[in-house]
Protein chains: 2
Amino acid sequence: MGGKTGAMEFPNTGDFLAGRLRDKLDRDDLEFIETLVTEERAVGTGDVLLSRGEVADTSAILISGYMFRTIESGNRRFIVGVHVPGDFVDLHAFALKRLDHNVVAAGPVTYGVAPHARLRQALEQRPRVARALWFATLLDAAIHRKWIQMLEQLDAPRRIAHIYCELHRRFELIGQVNARSLRTPFTQIDLADMCGVSAIHANRAVGKLRELGLAEIRRGDLYTSDWAALYEYAQFNPDYLYGDGPLRFDQDWL
Amino acid sequence: MGGKTGAMEFPNTGDFLAGRLRDKLDRDDLEFIETLVTEERAVGTGDVLLSRGEVADTSAILISGYMFRTIESGNRRFIVGVHVPGDFVDLHAFALKRLDHNVVAAGPVTYGVAPHARLRQALEQRPRVARALWFATLLDAAIHRKWIQMLEQLDAPRRIAHIYCELHRRFELIGQVNARSLRTPFTQIDLADMCGVSAIHANRAVGKLRELGLAEIRRGDLYTSDWAALYEYAQFNPDYLYGDGPLRFDQDWL
DNA sequence: CGCATCCTTGAGGGCCATCAAAATGCGTGG
DNA sequence: CCACGCATTTTGATGGCCCTCAAGGATGCG
């Protein structure tokens with residue numbers, strides 16, 4: 001917990017859009033957003049927040065920990081997205097009503113519960129907040145597109161590196177980076193399911209990053225002395241995360 | 001041009017959300033949506049509607065033809081999405097302000113131009129329309145997720161089959177299917193860039209679909225006598241497109 | 001009819017899948 | 001503290017999918 005952007009003041013939603021659109025919102029909007037959350041809950045590894053086809057009347061914003069978006073097919077699981085604190089993990093479920101995938105905890109998680117009734121109110125009475133919520137789902141879509149490109153372009157070691165680079169940057173945006181490490185609860189099976197390779201090959205890919213001296217990954221935790229080198233190896237360009245950079249939202253709006 | 005859902009009456013936006021949320025919108029909303037478009041334009045193969053990083057003050061809704069979302073990296077092009085008539089192709093650009101990718105015509109195209117000023121008006125005064133616009137971008141995200149899964153799970157022949165199955169279903173939703181064929185302007189290079197394989201391998205994959213008797217693909221046009229067999233081969237489940245089926249939006253809203 | 005683009009085919013090599021098996025690490029209970 | 005059970009990580013071997021390089025054939029357009 002605790003982005004630099006106001007986690008003290010806004011314990012539930014202080015990381016929401018931090019480093020992106022958050023500084024375009026005024027105090028009134030931020031307070032309104034904080035009151036979207038009526039309750040805080042905790043779950044553990046593998047617990048399902050929302051499953052495919054289910055109708056929910058609340059959405060969740062991640063406060064601490066990691067979550068996956070997964071699609072089951074046959075008896076295999078595919079991970080199509082990862083979430084970090086500040087992400088409104090199933091805002092999609094509010095506007096789509098039913099999800100095409102599952103939202104699952106990847107390790108211990110705390111999250112805030114936002115009733116859809118409150119969100120509807122935001123849509124009707126708070127166009128600025130409504131647009132911020134929309135923006136947040138579009139960020140998810142931008143990340144999806146980058147994953148598509150990553151799968152089309154990169155081999156397994158680079159895919160794994162790219163995933164960690166993305167997480168590193170996303171934590172930077174909410175003010176939670178460590179200099180030389182990135183802690184996750186991911187197993188190599190999780191990495192495999194994100195990369196579309198077998199667990200065995202994911203293991204060899206992790207081994208290659210070690211051999212190359214780029215990163216040491218142990219039990220999901222990544223250690224490196226040179227993030228820039230890892231960025232370059234993974235061909236990681238963080239623009240698509242819409243933080244500072246050429247794509248940053250810098251207009252007045254509404 | 002001409003979905004069954006009112007292309008006569010709404011020549012610019014008659015296919016928008018057809019088969020999905022369109023029947024939840026009332027006549028007033030549909031008329032408002034039609035007036036979002038102030039102009040119609042035509043472009044040809046490879047023409048760029050909107051390029052990465054560019055700031056636009058209009059968005060486009062596709063009226064006829066196909067468009068790609070592409071990401072350039074090094075000197076290679078990656079296709080991360082395809083659009084068909086009725087799709088609001090760069091609605092993302094309205095809320096994100098700048099895109100992380102390009103929007104490009106794949107063959108001859110006509111599209112409607114929607115000034116952002118009108119869209120802003122919708123957001124402020126028409127919460128139902130605003131939510132429909134949001135819904136449309138979330139459909140795009142759902143398709144992105146399916147592509148991620150497709151790339152993680154399927155080999156090249158199945159990826160190509162899956163892409164055509166998706167298009168077939170999307171045309172069905174707007175009432176524009178032929179029984180035994182699906183016409184596209186795609187080259188095998190386009191298919192390769194969508195599937196993340198080389199053009200040479202895309203060619204062999206096309207050959208395999210022919211050998212298997214599932215589909216004949218010539219110059220982008222697909223011919224088949226058995227869509228069901230193709231669906232099964234590609235492991236295609238159309239639920240994620242949110243037409244009729246278990247995920248369909250069936251609630252009253254707002 | 002010439003040219004450009006696209007499609008097709010062959011050969012050799014690298015990335016990754018699967019099967020099989022062993023080692024490591026961690027939590028639990030003795 | 002140690003023994004045990006279990007999930008995870010690691011390693012080896014074989015084969016398939018897909019890559020690149022290379023070259024030839026088809027198609028459509030001016």
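Proteins come first, then strands; the chains are lettered A, B, ... in the order of their sequence lines, and each starts at number 1. None of these values were measured; they are calculated from a predicted model. As a basis for the values below, the full set of heavy atoms in this structure was taken, side chains included, without hydrogen atoms, waters or symmetry mates.
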Can you tell me the distance, in whole Å, between the NE2 atom of A/His201 and the P atom of D/dG12?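 From A/His201 NE2 to D/dG12 P: 16 Å.
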Which part of the nucleic acid, if any, lies within reach of B/Arg210 when heavy atoms closer than 4.0 Å are counted: base, sugar-phosphate only, or nothing? sugar-phosphate
Under 3.5 Å, is there a donor-acceptor pair linking the side chains of A/Tyr240 and B/His101?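 Result is no, nothing qualifies.
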Go through C/dT9, D/dT8, D/dT27 for me and flag the one nearest to the B/Ile200 side chain.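 When the side chain of B/Ile200 is considered, C/dT9 is the closest of C/dT9, D/dT8, D/dT27.
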State, yes or no, whether a side-chain contact exists between A/Val109 and A/Met67 at a heavy-atom distance under 4.5 Å. yes
Checking all strands, does A/Gly220 fall into the base, sugar-phosphate, or nothing category for heavy-atom contacts under 4.0 angstrom? nothing
Mutual orientation of the aromatic rings belonging to A/Phe88 and A/Phe16 [parallel < 30°, tilted 30-60°, perpendicular > 60°]: perpendicular
Please give, in whole Å, the distance from C/dC15 P to A/Arg159 CZ?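 My rounded result for the distance is 13 Å.
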Separation of atom CG in B/Asp193 from atom C1' in C/dC6, rounded to whole Å: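 Answer to the nearest Å: 14 Å.
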Ignoring backbone atoms, test whether A/Arg219 places a side-chain nitrogen or oxygen under 4.0 Å from the OP1 or OP2 oxygen of C/dC26.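 Yes, A/Arg219 has a side-chain N/O under 4.0 Å of OP1/OP2 on C/dC26.
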Indicate, with a heavy-atom threshold strictly under 4.0 Å, whether B/Ala156 touches base, sugar-phosphate, or nothing. sugar-phosphate
Atom CD of B/Glu211 and atom P of C/dT9: how far apart are they, to the nearest Å?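 It is 9 Å, rounded to the nearest whole Å.
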Which whole-number value in Å describes the distance from A/Gln188 CD to C/dA23 P?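 Going from A/Gln188 (CD) to C/dA23 (P), I get 18 Å.
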When you measure from the side-chain N and O atoms of A/Asn203 to the phosphate of D/dT10, is any distance below 4.0 Å, counting only OP1 and OP2?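 Answer yes for this pair, as a side-chain N or O of A/Asn203 is under 4.0 Å from OP1 or OP2.
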Once hydrogens and angles are ignored, does a donor-acceptor distance under 3.5 Å link the base of C/dG10 to the side chain of B/Arg204? yes
Nearest-nucleotide pick for A/Asp155, side chain only, options being C/dC26, C/dC15, D/dT27: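 For the A/Asp155 side chain, the nearest candidate turns out to be C/dC15.
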Does A/Arg180 make a cation-pi contact with A/Tyr223, if we ask for NZ or CZ under 6.0 Å from the ring centre and within 45° of the axis?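 No, cation not above the ring by the 6.0 Å, 45° rule.
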Kindly assign one of parallel, tilted or perpendicular to the pair B/Phe68 and B/Phe186, based on the angle between their ring planes and the thresholds 30° and 60°. tilted
Measure from the side chain of A/Thr187, starting at C-beta and using heavy atoms only, and say which of D/dT8, C/dC7, C/dG10 lies closest. D/dT8
How long is the line joining CG of A/Leu154 and P of C/dC15, in whole Å?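 In whole Å, C/dC15 P and A/Leu154 CG are 14 Å from each other.
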From CG of B/Asp221 over to P of C/dC6, roughly how many Å is that when rounded to an integer? 15 Å
